[in-house]
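Every number for a ligand or one of its atoms is a count from 1 in the order of the listing. One is the number of the first residue; the rest follow in order along the sequence.
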Amino acid sequence: MKNILITNGRLIDPALGIDGKLDVALAGGKVVWTGNGHPPEGQWEIIEAEGKIVAPGFIDLHCHLRQPGSEHKETIATGTQAAARGGFTTVCAMPNTDPPIDNQVATAFILNTTAAEGAVRVLPIGCISRGRRGEQLAELGEMAEFGVIGFSDDGSSVPSARLLKQAMEYASTLGLPVLEHCEEMSLAEGGQVNEGIIATRLGLAGIPNAAEDIIVARDIALARLTGARLHLCHISTRGAVSLIRQAKAEGIRVSAEVTPHHLTLTEARCLNYETNAKVNPPLRTSADVEALIAGLIDGTIDAVATDHAPHTDNDKCCEFNLAPFGISGLETAFGSLMKLVHTGRVPLELIIEKLTAAPARIIGGLHGITGSLKPGDPADVVILDPNAEWTVDISVFVSKGRNTPLAGEQLKGQVALTIYGGKIIYQAD
Ligand code: DOR
């Protein structure tokens with residue numbers, strides 16, 4: 001492995017409060033120096049980053065890698081290559097695979113496959129309930145020993161408040177969070193898109209905001225009761241934002257994430273029965289998008305996570321109500337978030353914080369993840385060209401999932417280069 005010196009870039013490292021022209025030296029898989037002018041003695045491969053942003057590699061708290069069981073949609077190999085293309089050096093894998101990751105052997109499978117085939121670090125999330133059936137607790141303690149960073153039945157909420165309370169009590173003795181998919185099942189059942197005028201026009205059943213708000217409120221009450229750490233996944237409603245804001249003001253240990261698509265798109269994307277815009281939770285209204293942006297800015301929403309949910313063309317090429325929910329998001333995350341920067345809505349430094357220091361805090365230092373670039377930290381770096389314009393071309397996606405409503409769209413802001421453990425793993429053409 002060559003030693004790398006990244007020069008003349010603007011280093012943005014929110015965990016350390018750094019934003020300025022600083023060089024970064026990487027050796028032996030670690031950051032060894034940041035500074036100006038006089039790098040340590042040695043042979044360096046120089047990467048010129050004039051006009052570019054240098055930041056810690058992005059961390060995705062929420063993605064679906066589909067292995068084991070749905071390797072036709074994605075594998076750990078292809079999903080982590082897509083992560084590299086998106087500037088992510090750490091991704092947390094949701095356990096709704098087939099079989100689900102609900103015991104130590106399945107957890108070990110994820111870690112071993114990543115060690116053999118992964119392009120970036122994969123941190124497994126274990127199920128809350130056995131088989132994700134919502135009936136009995138999964139092997140939380142054993143999975144914690146094998147390195148899961150938290151527990152989730154993502155894809156569905158835990159229907160029983162009693163079981164979730166138990167899960168929270170166990171998870172807090174293990175020092176880990178519960179990551180909840182917030183969707184009250186009886187309200188959402190059969191729903192295809194956001195409940196409202198677009199659903200009516202399309203003649204499709206809707207999923208009301210209340211389906212999310214009810215579970216957010218219930219789970220906050222349980223976090224208050226148990227003192228456990230609760231992380232709320234892919235928040236999409238204005239009601240959820242205000243509930244989380246109140247809970248944080250009360251001192252409850254709650255954190256939340258939002259996806260790039262919920263921050264930048266509305267339900268209108270589903271017009272023309274666009275199945276690539278069918279996602280769960282559904283794309284909502286512009287009032288919801290505004291509340292999500294406000295929540296991101298005031299800290300109510302801690303992190304941005306992709307909810308990368310790859311599906312095949314065949315899966316999505318069908319009647320709207322037969323198509324699976326999900327958007328392939330790793331390769332477009334940064335470019336779409338830059339829309340918020342270029343329109344003056346959100347500062348670039350905040351976007352970088354939400355993709356680095358913030359998710360690292362939620363992972364809580366496990367697996368040596370810091371989300372920063374101080375000497376001694378892993379040499380996980382992303383170099384970004386904030387002004388590069390590019391067209392989303394799904395034919396060059398490295399994810400097997402080409403299911404994005406952004407196909408053909410022009411974006412401004414691109415990942416130029418990704419370094420993982422001191423090695424260049426992706427470079428834009
Ligand atoms: O749109 C979604 N797709 N939302 C989820 O919660 C699950 C995911 C999937 O696994 O496809």
| note | Closest non-hydrogen contact found for Arg284 with Asp288 is CB-OD2, 3.3 Å

Donor + acceptor pair across side chains of [X], [Y] (<3.5 Å):
X	Y	result
Ser255	His231	yes
Asp298	Thr300	yes
Asp60	His308	no
Asp307	His261	no

| said: Using 30° and 60° as the class boundaries, would you call the ring planes of Phe334 and Phe58 parallel, tilted or perpendicular? | reply: tilted

| said: Residue by residue, ordered by chain and number, which ones reach under 4.0 Å of ligand 1 with a heavy atom? | reply: His64, Arg66, Asn96, Asp154, Gly155, His181, His234, Val279, Asn280, Asp307, Ala309, His311, Phe325, Gly326

